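See below for the structure under consideration.
By convention in this document, chain letters (A, B, ...) are assigned in the order of the sequence lines, proteins followed by strands, and residues within each chain are numbered from 1. Keep in mind the model is a prediction, meaning the values are calculated, not measured.
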Amino acid sequence: MKSLFPHMTHQVQLETESLALSRGDRSLIEELSFKLTSGDVLWTQGDNGIGKTTLLEALSGLRRPDHGTVSWNENGKAVQASRIIAYQPHKSYAKAALLTEEDLGFWANIYNSKHLVSEALNFVGLADFTKITTRDLSAGQNRRLALAKLIISQKPIWIMDEPAAAMDKTGAQLIDELISRHAERGGIAVIASHDTTRKLSAHTRKLVLRAAA
Amino acid sequence: MKSLFPHMTHQVQLETESLALSRGDRSLIEELSFKLTSGDVLWTQGDNGIGKTTLLEALSGLRRPDHGTVSWNENGKAVQASRIIAYQPHKSYAKAALLTEEDLGFWANIYNSKHLVSEALNFVGLADFTKITTRDLSAGQNRRLALAKLIISQKPIWIMDEPAAAMDKTGAQLIDELISRHAERGGIAVIASHDTTRKLSAHTRKLVLRAAA
Amino acid sequence: MINYLANPIRFLKFSKIATPVFGALTILTMIWGLYLALIKSPPAIEHGQAVRMMYVHVPAAWCAMMAYTALTIASVVSFIWRHPLADSAAKSFAVPGAAFTFLALITGSLWGKPAWGTWWQWDGRMTSVLILFFIYVSYLAIWSVIPERKKAARLAAILAMVGFINIPIIKFSVDWWNTLHQPASLSTPGAPGMPPEILWPLMMMVAAYSFLFGWLSLRGIEADIIRSRKARDQKAPAAQATIETF
Amino acid sequence: MISAIVRRDVRLALRSGGAWLYGVFFFAVFIALSAIALGGSLDIMRPLAPALIWLAVIFSAMLSFLAIFQEDFSDGNLAQYKISDASFVSLCAAKAISFSLVSILPLLLAAPLAALVFDMAPNVVTATFASLALSTPALAAYGVLSSAILAGRRGGGFLIVLITTPFLIPVLIFGLEAIAGYKSSGFAAVEFRIVVGLSLIAIAVGLPAAAAALNAHLE
Amino acid sequence: MISAIVRRDVRLALRSGGAWLYGVFFFAVFIALSAIALGGSLDIMRPLAPALIWLAVIFSAMLSFLAIFQEDFSDGNLAQYKISDASFVSLCAAKAISFSLVSILPLLLAAPLAALVFDMAPNVVTATFASLALSTPALAAYGVLSSAILAGRRGGGFLIVLITTPFLIPVLIFGLEAIAGYKSSGFAAVEFRIVVGLSLIAIAVGLPAAAAALNAHLE
Ligand code: HEM
Ligand SMILES: Nc1ncnc2c1ncn2[C@@H]1O[C@H](COP(=O)(O)OP(=O)(O)OP(=O)(O)O)[C@@H](O)[C@H]1O
Ligand SMILES: Nc1ncnc2c1ncn2[C@@H]1O[C@H](COP(=O)(O)OP(=O)(O)OP(=O)(O)O)[C@@H](O)[C@H]1O
Ligand SMILES: [Mg+2]
Ligand SMILES: [Mg+2]
């Protein structure tokens, strides 16, 4: 277990300053400022279509804000999002034609963490499904594969979009365990979810988005 | 509201007899027999990858069983699945380039229920999103669009794969309401879900799939 | 000047005056030029009356190339400084640019029938203008297939810039390959000049086309600015965000 | 139901930012590249012109074939058609119609322009146009069939070229023969009747076979 | 990282049920259809053979262009690359390499076979092969660029043909000139050096531009 969740050696920060985001002619978020530091967990909640996914994309550096800034820090120095962010989108991004272990193995190659692959597959409960193509994985198994990718990325900031959708009960517990371990070792997690929020670290916070009156 | 949920004029039945399903070299379901009649609601539950989606596809006539049969009845006469089944798959099947109202309108054309489109959009809470392309809908909005398609199909048997995934609280209530109305008017619903089961009709039943010991 | 105009509001103020001026100049020079070209100037010795096609053809060909240069400059500005006005400008240069290219192709082939006895020759010059037309169409196609404005602007700008590098290559390769078309006589230093009774109407038509290009571009930019402001003003209010601790 | 599908498909085509025009661009590019590759002399190209135009149309059509069912298949719409109780034969007929409208009609209209570029004689242009128009149903029917067989397969694009080639070769041969026949006997040329016959056979065989192929995918 | 991507892409291609072979099939079909359309006489076709082979290669390549990034784009892999801190320029280089291996190499190997069909002289075959091989980097670089610009767009297939044509025309022209030049001066012909130059320019301009286009999609 230790090797999957080594203690973070760097301090990281994720900060937004008067962030504004919109899609088409719909303004979604305005003047949002917050700051997360090592060990923080942020639950993002709000109704369907309020802008959670859009926010998470901006936090991952995949969407340029209309106004304001998102900044990523490592040991007090500003860095590129891609250095410290891992993002689990709502949809699976597994290659349909690859075996489960090949798909994970590819990303392990990119992240230089080949040695973690089989342990990570074990941890998320896919040990029996390494030899089938990801096309054949069930909905929940696909989400588990995405969790394994978060783990092997070894990145300090996890951005997770509805990780518990389509997950069974043990799956939901698995996610909780992952997040609290990650916070303990000094990581940051931002989660968008319709699940009830749970206090998974000493610094769990909740970001609630409500429609303007 | 009445026009969206007219009372069913036909008695329908959905029946399986010693059904066996497998995927690749994995046998998922064996010797499953049950019978649902007008007004029944069946919740299918079980861990990730146990075979819920596979079962639902077979019930919709989209997957040929290995052994056993699935039969569809209307007024005591065997009919083709396509006559009485509506299926909401796990993934959205909206055309990315069409506006929400166009995508729903197309299916309304096929089902001869053009007059229900705007009411159905209203009912599922998409009234403000009719003029954007379905590509731009949020995850939950996409699920809502799929629900609207169930409604306008005017079919007596609804097969729903994780309808509540990615739905907010009002969305989950909406689904419950839809299902109980549908059961009241004499429809049948089969739902696969990790949510807790709720008694939505006088004849709510639960199908629990468990891994063999 | 450019810095001053980079603000959309100031630009709208400027174009409120400039657009009608360009429009008027277009009409004036066009009427005068057409009079000179079609009525006043003499038929040429080898081309006969068909020479009058030149007054439509040559300015169109020149303006097509000028428009592409303008398009490239606007694209560079748009790509590096992400200036929305540059996006509007680039897009607005491309439409008349494509139209001029098309006109050069059409008038050229109409001229080709009397001059060479065929509508078309696959010679270097014509082929390279055809390719220029393809580049314009691809550029506009990118705008039309990508709905998100900023994205479309960046991608189209990339294509325009790479396309510009490509233009000398095209010219060089097709010149080498096969040539039948008139060599440039005005643009080449030391080449035999044209007699003034042909040169004058030609120059007048060139001016008319250039003003037309300016007028069309200004109108395009105006419309584009107004459209994007309207979209911005209509934005629905954003969600209220609150952060709670446990 | 046929008209609903045709209308939606045409709308999707128009919505796709002029995608229906791209077939025409491909056509133009094909003509231009061939002319450049063949050296650009009209004397070499004039006799080859009808063949080049036919090839351009066939390749352009082939490249649109895969798209006929691809999206419907991958986004789950095909499963919904099956459940909707709509017959797959009428679905295939609708697809053949919308394909002819969206993908072939623009090519037919572009063909005479290409004729200008090759400096073709007017009667050859007429004959080329007629032979292409009469072959359209065959192109559409085989397109629908092959797309139904290959729906949703990665890299299907090339395979579809391979599958349809044997069917389209007779159409190509008689289409070109018809152009030659026109010079001597006008539209009375027997080859025109053969082209029409090929089109009818294609529809009669291709559409039901396509429906069967779709059914086979979904069970 | 480049090698990881290349290995995965090659594996995906092999895994796709022979999809990498379809390019070769298309090539064969193109040659066959042209031969049929042009009437089949060797005397007519022998001089046209290098041009036809070049056209077949270019079209076959063009048709594979869209696929270079399409899947990565629609399944979200591109966003993950961006986040993974891997540079997009090396991603594009990797894609150019895997495209050359999977889509162009088989065509190069098939080209000499086509030469048999046309009864070409051995030295023309050598020259044709060499000119194609030297142009491969240009084909791949422009393919990656246009695919990056259009990744994931409906109807992109045709549009990509349109976009790449202006870039590939000089390559085509000099590729064919090089074949002609080979007859008189062998590999010393200046046209070969021009082809190499075009390939270098394509890489130098195309790959960074492609990386910029990918970035533009994801912001
Ligand atoms: C579709 C066919 C044609 C195209 C695309 C075309 C294109 C062009 C272009 C691009 C130029 C500007 C060249 C420069 O200044 O560098 C030009 C100039 C010119 N063209 Fe054409 N042309 C076509 C047909 C013809 C024909 C048939 C004639 C007459 C026989 C002709 C006569 C001229 C003349 C006299 C000039 C002015 C050259 C000069 O003094 O710079 N063109 N054409
Ligand atoms: N082009 C557009 N024009 C207008 N509105 C748009 C456009 N594109 C997206 N939207 C809207 O922007 C919002 C995007 O929401 P987002 O996906 O971030 O929601 P979310 O909070 O993640 O919702 P969910 O819980 O359903 O996943 C949606 O309401 C969507 O309808
Ligand atoms: N070719 C194959 N070989 C072996 N196992 C396979 C193959 N294809 C699918 N499977 C397995 O069959 C099962 C299919 O499950 P299905 O999608 O029906 O599950 P589910 O109950 O819907 O799960 P979830 O709750 O995650 O949606 C999965 O466990 C999957 O791994
Ligand atoms: Mg979301
Ligand atoms: Mg499932």
Problem - Toward chain A, the part of E:N215 with a non-hydrogen atom under 4.5 Å - result: neither
Completion exercise
When every non-hydrogen atom of E:A4 is compared with those of A:F106, the smallest separation belongs to O-CE1, 3.7 Å
Handout entry: chain E contact via A:L99 - side chain, backbone, both or neither, heavy atoms under 4.5 Å
Key = both
Exercise for the section: Tabulate, in ascending numerical order, the residues of residues 69-96 of chain A having at least one heavy atom closer than 4.5 Å to a heavy atom of chain E, or enter 'none'. Expected result: A:S82, A:R83, A:I85, A:A86, A:Y87, A:P89, A:K91, A:S92, A:Y93, A:A94, A:K95
Handout entry: Members of residues 15-46 of chain A whose heavy atoms come closer than 4.5 Å to chain E
Key = none
Problem - Between CD1 on residue A:I110 and CG on residue E:L91, distance to nearest 0.5 Å - result: 8.5 Å
Handout entry: Distance (rounded to the nearest 0.5 Å) between A:L62 CG and E:L78 CG
Key = 9.5 Å
Problem - For chain E, which residues of residues 128-154 of chain A have heavy atoms nearer than 4.5 angstrom - result: none
Exercise for the section: Answer yes or no: is there a side-chain heavy-atom contact under 4.5 Å between E:E219 and A:R63? Expected result: no
Exercise for the section: Using non-hydrogen atoms and a 4.5 Å limit, figure out which bit of A:L98 sits close to chain E: side chain, backbone, both or neither. Expected result: both
Problem - Inter-residue atom distance A:N109.CG - E:R8.CZ, 0.5 Å rounding - result: 10.5 Å
Fill in the blank from the handout: Within residues 158-165 of chain A, the residues sitting under 4.5 Å from chain E by heavy atom, in sequence order, are none
